Amino acid sequence: MLTESRKEDVIKLCQKIVQIKSYSGEEGQVAKTIKEYSYERKVDEILTDDYGNILLVWNGDRPGPTILFDGHIDTVPVQEEHWSVGAFSGEVKDGRIYGRGTSDMKGAVSAMISAAINFVEDTSHSFPGKIVISCSVHEECFEGVATRMVSEKIKPDFVVIGEATNLNLNRGQRGRAEIVVETTGKSAHSSNPEKGVNAVYQMTKLISGIRELEVKKHEVMGEGILELTDIKSAPYPGASVVPSHCRVTFDRRLLVGETKESVLAPIKNLIQTLQNEDPAFKAEAGYATGEERCYTGEIIGDERFFPGWLYDEQESFVQAPFQELNSIGLNPKLSHYSFCTNGSHFAGEAGIPTIGFGPSPESLAHIDDEYIEIDQLVKATAGYAAIMKALCTIKNNKESNYV
């Protein structure tokens, strides 16, 4: 599937960037390393935007589609005492490379870069359009927010998300939202609670009602989960004080076609019902917001609402890669992501035809002793080159059947 020298190249690249700690906002060193590696291999163009996304560009010899492969270079943090191997060692053992980000998703980034180098070398630049590898930042905090700059700069015709698919081909994903619900009461001394309104008791009414709300379902994506993830009261600690404020966060997994308004509507209707029953009941619902500093110094932030997306399996940009992957013996299944990816922007917001393909199962993301199977890394490298070949000659149908 790959020559021994090409296998060695992708393994070494994966080890090299895994050995660099790159939490969200701290991706500068790994970005520098990728740029240096790309200069050495004479990539046609190396671009950087304000957020610090690194874009590697290979130009074909004639007009054609712009195909963007996206992989994020930030990782979640580690608790090193929970690891049996060095969390940033890149250690090779039993056919695996160990370290934070191996599966999520520096392995895929290494495979994408290696695949593009191999593809351009094998074709001698004789292909239509251009291949772009987006090494993106801040995905772990804001899925798709940083890549808004990528699509604005590159204007891709097709996008391939490199998040883990276990070498299957994904045509969609569930989205994600963080919903914040707050109740406001009235402080009083806890020895005279009748003089106040306990915001926590008010919140328990609301939580009970929310748990009774109908769960949305999709025939492909499954359930639009709504799960409580934290609860805080104020003042805290409440030394002899009836709490006047309570805040709860819900994790909502989004299905196709759901909007900011439609997701909040059932909760807001429930709040209105409780207010009609009790004039003292005061509550609000909205989305959590976040703001972080990029390694470039730029500030990134937005509401935490990242939409889902799904394309028909008969779309040409789904079927052509699917057939090409079969032709090299990978025999993928058509599937979808259960978690959220940068596809929330590319497909969910921008409507760009998007698929997902990557090494490792989803279950290896964010775990202690994270690893990637070298066999999967090698096969993904061959798979990305096959997808490049398949998508190069497809025209972008702006009327793509977005389910």
Side-chain angles (χ1 to χ4, degrees), residues 21-28 30-31 34 47-55 68-78 100-101 103-106 108-109 133-154 156 159-164 172-180 224-225 227 229-230 249-255 258-260 263-264 286-309 337-352 354 356 358 362 365-366:
K21 185 171 75 171
S22 58
Y23 298 161
S24 301
E26 302 174 15
E27 305 97 334
V30 74
I34 289 171
L47 310 174
T48 307
D49 61 29
D50 291 346
Y51 288 148
N53 299 305
I54 304 301
L55 306 174
L68 177 71
F69 289 75
D70 177 73
H72 65 84
I73 54 175
D74 62 323
T75 74
V76 295
V78 300
R100 174 58 84 222
S103 280
D104 187 23
M105 57 175 294
K106 292 178 178 179
V109 170
I133 309 297
S134 164
C135 305
S136 52
V137 301
H138 265 294
E139 189 274 348
E140 296 292 0
C141 299
F142 303 105
E143 294 97 325
V145 175
T147 48
R148 290 170 183 166
M149 280 195 180
V150 173
S151 60
E152 182 179 346
K153 182 182 289 284
I154 296 299
V159 173
V160 180
I161 300 294
E163 294 274 15
Q173 66 161 72
R174 287 195 296 192
R176 180 176 75 89
E178 291 180 27
I179 299 173
V180 174
I225 294 167
E227 185 67 17
T229 54
D230 67 49
T249 303
F250 287 90
D251 184 297
R252 175 69 152 80
R253 295 294 151 163
L254 304 173
L255 305 179
E258 292 191 301
T259 65
K260 289 183 178 181
V263 169
L264 284 185
Y287 293 104
T289 59
E291 189 174 274
E292 303 280 345
R293 185 177 296 276
C294 298
Y295 76 86
T296 59
E298 191 77 10
I299 299 298
I300 186 172
D302 205 348
E303 286 187 324
R304 297 190 186 278
F305 185 95
F306 313 108
W309 51 279
Y337 292 110
S338 62
F339 57 52
C340 197
T341 76
N342 280 338
S344 286
H345 163 64
F346 293 118
E349 292 179 348
I352 302 167
T354 299
E362 291 184 5
H366 299 187

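Computation of the quantities below employed the complete heavy-atom set of this structure, encompassing side-chain atoms and omitting hydrogens, waters and symmetry-equivalent molecules. All figures in this text were calculated on a predicted structure; none of them were measured in a lab. In what follows, residues are counted from 1 in the order of the sequence shown.
Checking side-chain atoms of Asp251 against main-chain N and O of Glu227 turns up no donor-acceptor pair under 3.5 Å. Side chain of Tyr51 to main chain of Met149: no donor-acceptor pair is present (N/O by atom type, distance under 3.5 Å, no hydrogens or angles). Counting only distance, with no hydrogens or angles, the side chain of Asn53 and the backbone of Val137 share a donor-acceptor pair below 3.5 Å. Side-chain N or O atoms of Arg100 include one that pairs as donor or acceptor with a backbone N or O of Val76 at under 3.5 Å. Counting only distance, with no hydrogens or angles, the side chain of Thr296 and the backbone of Cys294 share no donor-acceptor pair below 3.5 Å. Looking at Thr249, its side chain never comes within 3.5 Å of a backbone N or O of Thr229 through a donor-acceptor pair.
Looking at Glu27 and His138, their side chains never bring a donor and an acceptor atom within 3.5 Å of each other. Side-chain contact, Ser338 with Glu362: a donor N or O sits under 3.5 Å from an acceptor N or O.
When the ring pair (Phe, Tyr, Trp, His ring centres under 6.0 Å) test is applied to Phe339, the partners found at least two apart in sequence or on another chain are Tyr337. Evaluation of the side chain to side chain contact (heavy atoms under 4.5 Å, CB included) rule for Ala365 yields Asp104 as partners, not counting sequence neighbours.
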Exercise for review: Before giving the answer on side chain to side chain contact (heavy atoms under 4.5 Å, CB included), spell out for Ser151 and Glu349 the whole-Å C-alpha distance, their side-chain angles and the decisive distance to 0.1 Å.
Suggested key: CA-CA 11 Å; Ser151 60; Glu349 292 179 348; over 6 Å; no
Check your understanding: So Asp70 and Thr147, side chain to side chain donor-acceptor pair (under 3.5 Å) or not? Walk me through it.
Key -> CA-CA 9 Å; Asp70 177 73; Thr147 48; 5.7 Å; no
**Study point:** Stepwise side chain to side chain donor-acceptor pair (under 3.5 Å) test for Glu140 and His366
**Key:** CA-CA 10 Å; Glu140 296 292 0; His366 299 187; 3.2 Å; yes
Practice item. Any chance you could lay out the side chain to side chain donor-acceptor pair (under 3.5 Å) test for Thr341 and Gln173, step after step, and finish with the verdict? Key: CA-CA 8 Å; Thr341 76; Gln173 66 161 72; 2.4 Å; yes
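The distance from the CD1 atom of Ile161 to the CE atom of Met105 is 7.5 Å, given to the nearest 0.5 Å. Rounding to the nearest 0.5 Å gives a distance of 9.5 Å between CD1 of Ile54 and OG of Ser134. Residue Ile133 holds its CD1 atom at 10.5 Å from CD1 of Ile34, rounded to the nearest 0.5 Å.
Checked against Glu258 for a side chain to side chain contact (heavy atoms under 4.5 Å, CB included), the options Arg174, Arg252, Arg253 give a single hit: Arg252. Here the rule is side chain to side chain contact (heavy atoms under 4.5 Å, CB included) with Leu254, and of Phe305, Trp309, Phe306 only Phe305 fits it.
Residues Asp49 and Leu47 form no side-chain contact, since every pair of their non-hydrogen atoms from C-beta on lies 4.5 Å or further apart. Taking the side chain as every heavy atom from C-beta outward, Tyr287 and Ile179 approach each other to under 4.5 Å. Asp74 is not listed as a side-chain neighbour of Tyr23, based on a closest heavy-atom distance of 4.5 Å or more.
Nearest heavy-atom pair, Ala164 versus Ser103, reported as atom, atom and distance to 0.1 Å: CB-O, 4.4 Å. Taking all atoms of both residues into account, the shortest heavy-atom contact from Glu298 to Asp50 is CB-O, 3.5 Å.
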